[in-house]
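Working notes, structure below.
For the single chain, residues carry numbers from 1 onward in sequence order. Every value quoted in this text rests on a predicted model; they were computed, and no experiment measured them.
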Amino acid sequence: MASIRKRTLPSGETRWQLDYRDQAGHRRHRQFKTKKEAVEFETKARSEVAQGVHTPDSVSVTVKEAAELWLQRREQRRRERSTLDQYRGHVDGHIVPLIGETKISRLTAPMVESFAESLLDRCSHQTARKVLVSFKSLMRDAQRRGLVAQNVSLTTRIDAPTRGEEELHFPTKEELREIFVKATDRWKPLLIVAALCGLRASELRGLVWDAVDLKSKAITVSQRADRYKRMGPPKSAAGRREVPMSPLVVQTLREWRLACPKSKARGGLEFVFPNDSGDMMNMPDILRRCWHPLMKECKMVVGESLRPRYRFHDLRHVAASLLIEQGASPKRIQEFMGHSSINVTFDVYGKLWKNPEADQALVSAAEREIFG
């Protein structure tokens, strides 16, 4: 049986103390500033005890401690090192500073909503969404461990940005032609494949000649290289795909095969885009030796710091936009780009299917079917 009584602290302040027993019969105590808070918690705790899911504060942990347990489990499941680094960045850079010292048993849905709003204030929309996904994952992990009864993060979400909030940013056709013209022979093949085949940088770095079929004009994507020069599978099952090559790509790679640095074989396979020593290319080398100088050469820079107007990754968006312009369906774009779901495709490229003239033609045709 629970009881609520008023107590006076040595400091002279008053508190309302709730005494109750958990589902194991252990006596628990908790103090509140107001009687209303004590009554509300008693009602909630009584329901949780009845269901056998109550977690007292004394056996709960802080968000920071739950995050460390979550990271340990991710490591045990042998996540890629780059992925673990990203998780660690979410925890140390955002989760712990904002909410780390709070006991997870004391979290409420409004507190999680406030956390999500704080994320949007301190980082980009995309990063905020990723951090929230990590936070919700660590909460599920804590619930499975019995460290918290309810997962109050379930209903919190950061929606994809609406049109105009985060515009796709990639080179125009004219700018792309200039990039190809001014690129040196050493780097032009890499840029052409990136822009016309839409491979991720990690997929380009891990691409081997055995995966390039110049006769059937297709590239088979079955692996990628992480930032630590380790080979692994694509980001998702959908990342395993066959990408068609245009005539320009075929001719470029046919010529490049004869001119590229002799590659050091890994498992008997040779890289399509090795570094000058024939080993796997590093992304920093691509940026330092190719992309950043090329952006300056083309005067595609921003501000006094001469920051590149486009990222190397934006060449991937060029490939998708060109296909959409030619009438490719969302499902085909998903397959071509190796997206894990059609939702990802719509989140990134949905607005590129907007065509007011085509829409007007459709409604006009529908009208003629009725009225002639």
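- Side-chain N or O atoms of Arg73 include none that pairs as donor or acceptor with a backbone N or O of Leu71 at under 3.5 Å.
- Across all their heavy atoms, Glu203 and Gly239 have their closest contact at OE2-O, 4.4 Å.
- No side-chain heavy atom of Val344 sits less than 4.5 Å from a side-chain heavy atom of Gln334.
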Thr156 and Glu113: CA distance, side-chain angles, deciding distance, side chain to side chain donor-acceptor pair (under 3.5 Å) verdict = CA-CA 6 Å; Thr156 301; Glu113 287 291 338; 3.2 Å; yes

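- Looking at heavy atoms from C-beta onward, Ile158 lies in side-chain contact with His125 at the 4.5 angstrom threshold.
- The OG atom of Ser329 lies 10.5 Å from the CG atom of Leu323; values are rounded to the nearest 0.5 Å.
- Enclosure of atom NZ in Lys182 by more than 12 non-hydrogen atoms of other residues, nucleotides or ligands within 6.0 angstrom is indicated.
- Remark: Glu178 CD to Leu176 CG distance equals 10.5 Å, nearest 0.5 Å.
- Note that CG of Leu258 is 11.5 Å distant from CG of Leu253, once rounded to the nearest 0.5 Å.
- Smallest separation of non-hydrogen atoms from Pro274 and Pro261: CG-O, 3.6 Å.
- Here the shortest heavy-atom pairing between Ser153 and Met139 reads OG-CB, 3.8 Å.
- Using a cutoff of 4.0 Å between basic side-chain nitrogens and carboxylate oxygens, Lys173 and Glu325 are scored as salt-bridged.
- Residues Ala225 and Met231 share a closest heavy-atom pair of CB-SD, 4.0 Å.
- Here the CG-OG distance, from Leu132 to Ser137, works out to 11.0 Å after rounding to the nearest 0.5 Å.
- The side-chain heavy atoms of Val193 and Val272, taken from C-beta on, include no pair separated by under 4.5 Å.
- Of all non-hydrogen atoms in Arg241 and Gly198, the two that sit nearest each other are NH2-O, 4.1 Å.
- Using a 4.5 Å cut-off between side-chain heavy atoms of Ile, Leu, Val, Met, Phe, Trp and Tyr, with links allowed through other members, Leu154 and Val148 fall into different hydrophobic clusters.
- Rounding to the nearest 0.5 Å gives a distance of 5.0 Å between CG of Leu107 and CZ of Phe135.
- Put simply, Leu120 and Leu98 are part of the same group of oily side chains (I, L, V, M, F, W, Y) that touch within less than 4.5 Å, one to the next.
- Within a 6.0 Å sphere centred on NZ of Lys217, other residues, nucleotides and ligands contribute 12 heavy atoms or fewer.
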Residues Lys35, Arg15; criterion side chain to side chain contact (heavy atoms under 4.5 Å, CB included); working and verdict = CA-CA 8 Å; Lys35 184 176 182 180; Arg15 290 291 186 272; over 6 Å; no

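- Taken from CZ in Phe273 to CZ in Arg186, the straight-line distance is 9.5 Å, to the nearest 0.5 Å.
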Check against ring pair (Phe, Tyr, Trp, His ring centres under 6.0 Å), Tyr87 and Trp70 = CA-CA 10 Å; Tyr87 290 157; Trp70 173 71; 5.0 Å; yes

Side chain to side chain contact (heavy atoms under 4.5 Å, CB included) assessment of Lys6 paired with Thr14 | CA-CA 7 Å; Lys6 189 176 183 179; Thr14 58; 3.9 Å; yes

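- Val63 and Val133 sit in two unconnected hydrophobic clusters of ILVMFWY residues. Membership requires side-chain heavy atoms under 4.5 Å apart, directly or through other members.
- Counting heavy atoms from C-beta outward, Val249 and Ser246 have side chains that approach closer than 4.5 Å.
- Taking the ring axis of Trp209 as reference, the NZ or CZ atom of Arg257 stays within 45° of it and closer than 6.0 Å to the ring centre.
- Looking at Lys229 and Asp279, their side chains come closer than 4.5 Å, going by heavy atoms from C-beta outward.
- Taking the six-membered ring for Trp and thresholds of 30 and 60 degrees, His169 and Tyr310 have ring planes inclined between 30 and 60 degrees apart.
- Here Arg88 pairs with Glu68 in a salt bridge; the nearest charged N to carboxylate O distance falls below 4.0 Å.
- Side-chain contact check for Ile342 versus Pro330: some heavy-atom pair is nearer than 4.5 Å.
- Judged purely by atom type and a 3.5 angstrom limit, Arg7 has no side-chain atom pairing as donor or acceptor with the backbone of Gln17.
- Shown here for Leu196 and Ala319, the closest heavy-atom pair between the two residues is C-CB, 4.2 Å.
- Side-chain contact of Gln72 with Gln76: a donor-acceptor pair under 3.5 Å is absent, judged by distance alone.
- Residues Phe180 and Ile286 share a single hydrophobic cluster, defined by chaining ILVMFWY side chains whose heavy atoms lie under 4.5 Å apart.
- Arg309 has its side chain within reach of Glu175: a pair of non-hydrogen atoms, C-beta onward, lies under 4.5 Å apart.
- In the hydrophobic cluster analysis, where Ile, Leu, Val, Met, Phe, Trp and Tyr join through side-chain heavy atoms closer than 4.5 angstrom, Ile219 is grouped together with Leu248.
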Test Asp276 against Arg289 for side chain to side chain contact (heavy atoms under 4.5 Å, CB included), laying out the working first.
-> CA-CA 11 Å; Asp276 292 343; Arg289 298 182 55 200; 2.9 Å; yes

Can you check side chain to side chain contact (heavy atoms under 4.5 Å, CB included) on Ile333 and Trp353, steps first, answer last?
-> CA-CA 11 Å; Ile333 295 299; Trp353 276 283; 3.6 Å; yes

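- Arg140 places a side-chain heavy atom less than 4.5 Å from the side chain of Asn151.
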